[in-house]
Amino acid sequence: MASGYEVVDKSHVGGQEQFASEWKTIQVVFHDFAELPFERDDCTTSPNMKCHGLEWQIQLFPGGSSNSSEEDVFVSIYWCSKSCTATKKIRAKSKFRVPSAAMEGGGGKIDIHTPKRVWGQINYDKREDILDSSKNYLVNGNLAVEVDIQVMLD
């Protein structure tokens, strides 16, 4: 051996060793985007979707959420784990994408998330820009949103 020593056994003490899972993607298509309610805080929610053995949901606010500034109202997209409970916290990392417009966002560190907390927000663009056909957000009037998810595994 080049190092001059050999590890013959390995142990982890204090907590559990965790590994990052592979990235997996969930996608939701919001049909007829122009027809969705678009007052501030109007929300259109996907059904629960499975990824990494957990349930996830994507929420779309076509007129922005109360978390966006008053002057600049951007379409907001949130994602959350519906599998979180008081005793089961999830550590995850995400990236958002609108594939038709080659728009990507989000990312960041892996964090622990608790139930009742919606997390993973991104503000994309103004509603009128998404409706602008030259920007390629919509395909046949539909907005497709993808979320890449990586979770920490024990």
Side-chain angles (χ1 to χ4, degrees), residues 10-70 72-127 129-131 135-154:
K10 180 178 177 180
S11 177
H12 293 271
V13 179
Q16 296 178 337
E17 182 178 20
Q18 292 191 326
F19 303 93
S21 70
E22 63 184 280
W23 286 96
K24 292 189 177 183
T25 303
I26 56 175
Q27 181 190 67
V28 63
V29 177
F30 293 96
H31 290 276
D32 299 318
F33 177 82
E35 304 302 317
L36 295 176
F38 61 93
E39 295 296 319
R40 184 180 289 273
D41 287 329
D42 281 343
C43 178
T44 301
T45 304
S46 75
N48 289 355
M49 296 175 282
K50 291 264 191 193
C51 183
H52 296 296
L54 303 167
E55 290 194 359
W56 307 89
Q57 193 176 72
I58 297 176
Q59 298 173 336
L60 175 72
F61 291 80
S65 72
S66 53
N67 291 337
S68 25
S69 71
E70 290 293 325
D72 295 321
V73 178
F74 291 93
V75 172
S76 297
I77 302 169
Y78 294 81
W79 71 287
C80 64
S81 171
K82 303 311 273 180
S83 297
C84 281
T85 65
T87 57
K88 181 180 180 182
K89 295 180 179 159
I90 296 170
R91 296 182 71 194
K93 189 173 175 180
S94 68
K95 291 184 256 178
F96 290 81
R97 184 173 45 257
V98 175
S100 60
M103 293 292 293
E104 196 168 302
K109 65 179 185 144
I110 293 177
D111 204 356
I112 296 175
H113 299 282
T114 57
K116 298 181 183 175
R117 179 175 171 195
V118 176
W119 34 287
Q121 173 196 6
I122 188 151
N123 295 320
Y124 266 112
D125 217 334
K126 294 182 178 179
R127 182 173 183 274
D129 291 331
I130 290 176
L131 293 171
K135 298 198 180 210
N136 298 323
Y137 279 103
L138 304 179
V139 176
N140 297 325
N142 306 320
L143 178 67
V145 176
E146 295 178 348
V147 180
D148 299 330
I149 301 170
Q150 183 181 49
V151 297
M152 293 302 287
L153 306 170
D154 293 334

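Quantities reported herein were computed from a predicted structural model and do not represent experimental measurements.
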Are the aromatic ring centres of Phe61 and Tyr78 under 6.0 angstrom apart?
-> yes

Measuring from [X]:[atom1] to [Y]:[atom2], what's the distance to the nearest 0.5 Å?
{"X": "Ile149", "Y": "Cys51", "atom1": "CD1", "atom2": "SG", "value": "4.5 Å"}
{"X": "Asp125", "Y": "Leu131", "atom1": "CG", "atom2": "CG", "value": "10.5 Å"}
{"X": "Ile26", "Y": "Ser46", "atom1": "CD1", "atom2": "OG", "value": "6.5 Å"}
{"X": "Lys93", "Y": "Ser21", "atom1": "NZ", "atom2": "OG", "value": "10.5 Å"}
{"X": "Asn48", "Y": "Leu54", "atom1": "CG", "atom2": "CG", "value": "11.5 Å"}
{"X": "Ser81", "Y": "His52", "atom1": "OG", "atom2": "NE2", "value": "11.0 Å"}

Where is the tightest heavy-atom contact between [X] and [Y], given as atom of each residue plus distance?
{"X": "Gln150", "Y": "Ala20", "value": "NE2-CB, 3.5 Å"}
{"X": "Ser76", "Y": "Gly64", "value": "OG-CA, 4.1 Å"}
{"X": "Pro99", "Y": "Ala144", "value": "CD-O, 3.5 Å"}
{"X": "Pro62", "Y": "Pro37", "value": "CG-O, 3.4 Å"}
{"X": "Cys43", "Y": "Gln59", "value": "SG-CB, 3.8 Å"}
{"X": "Asn136", "Y": "Ser100", "value": "O-OG, 2.8 Å"}

Could you verify whether a donor N or O on one side chain and an acceptor N or O on the other, from Thr25 and Asp148, lie under 3.5 Å apart?
-> yes

Can Glu55 and Lys50 be said to form a side-chain contact (heavy atoms from CB on, under 4.5 Å), step by step?
-> CA-CA 5 Å; Glu55 290 194 359; Lys50 291 264 191 193; 3.7 Å; yes

Side-chain heavy atoms of [X] within contact of [Y], under 4.5 Å:
{"X": "Gln27", "Y": "Val145", "result": "no"}
{"X": "Ile77", "Y": "Phe96", "result": "yes"}
{"X": "Phe38", "Y": "Val75", "result": "no"}
{"X": "Lys95", "Y": "Trp23", "result": "yes"}
{"X": "Val29", "Y": "Leu143", "result": "no"}
{"X": "Val98", "Y": "Glu146", "result": "no"}

Might you work through the side-chain contact (heavy atoms from CB on, under 4.5 Å) test for Phe74 and Arg127, ending with a clear yes or no?
-> CA-CA 7 Å; Phe74 291 93; Arg127 182 173 183 274; over 6 Å; no

Leu36 and Phe30: side-chain contact (heavy atoms from CB on, under 4.5 Å), yes or no, with the steps?
-> CA-CA 9 Å; Leu36 295 176; Phe30 293 96; 4.1 Å; yes

Report yes or no: does Asn142 contribute a side-chain atom to a donor-acceptor pair with the main-chain N or O of Asp32 at less than 3.5 Å?
-> yes

Could you go step by step and tell me if Val147 and Trp56 meet the side-chain contact (heavy atoms from CB on, under 4.5 Å) rule?
-> CA-CA 10 Å; Val147 180; Trp56 307 89; over 6 Å; no

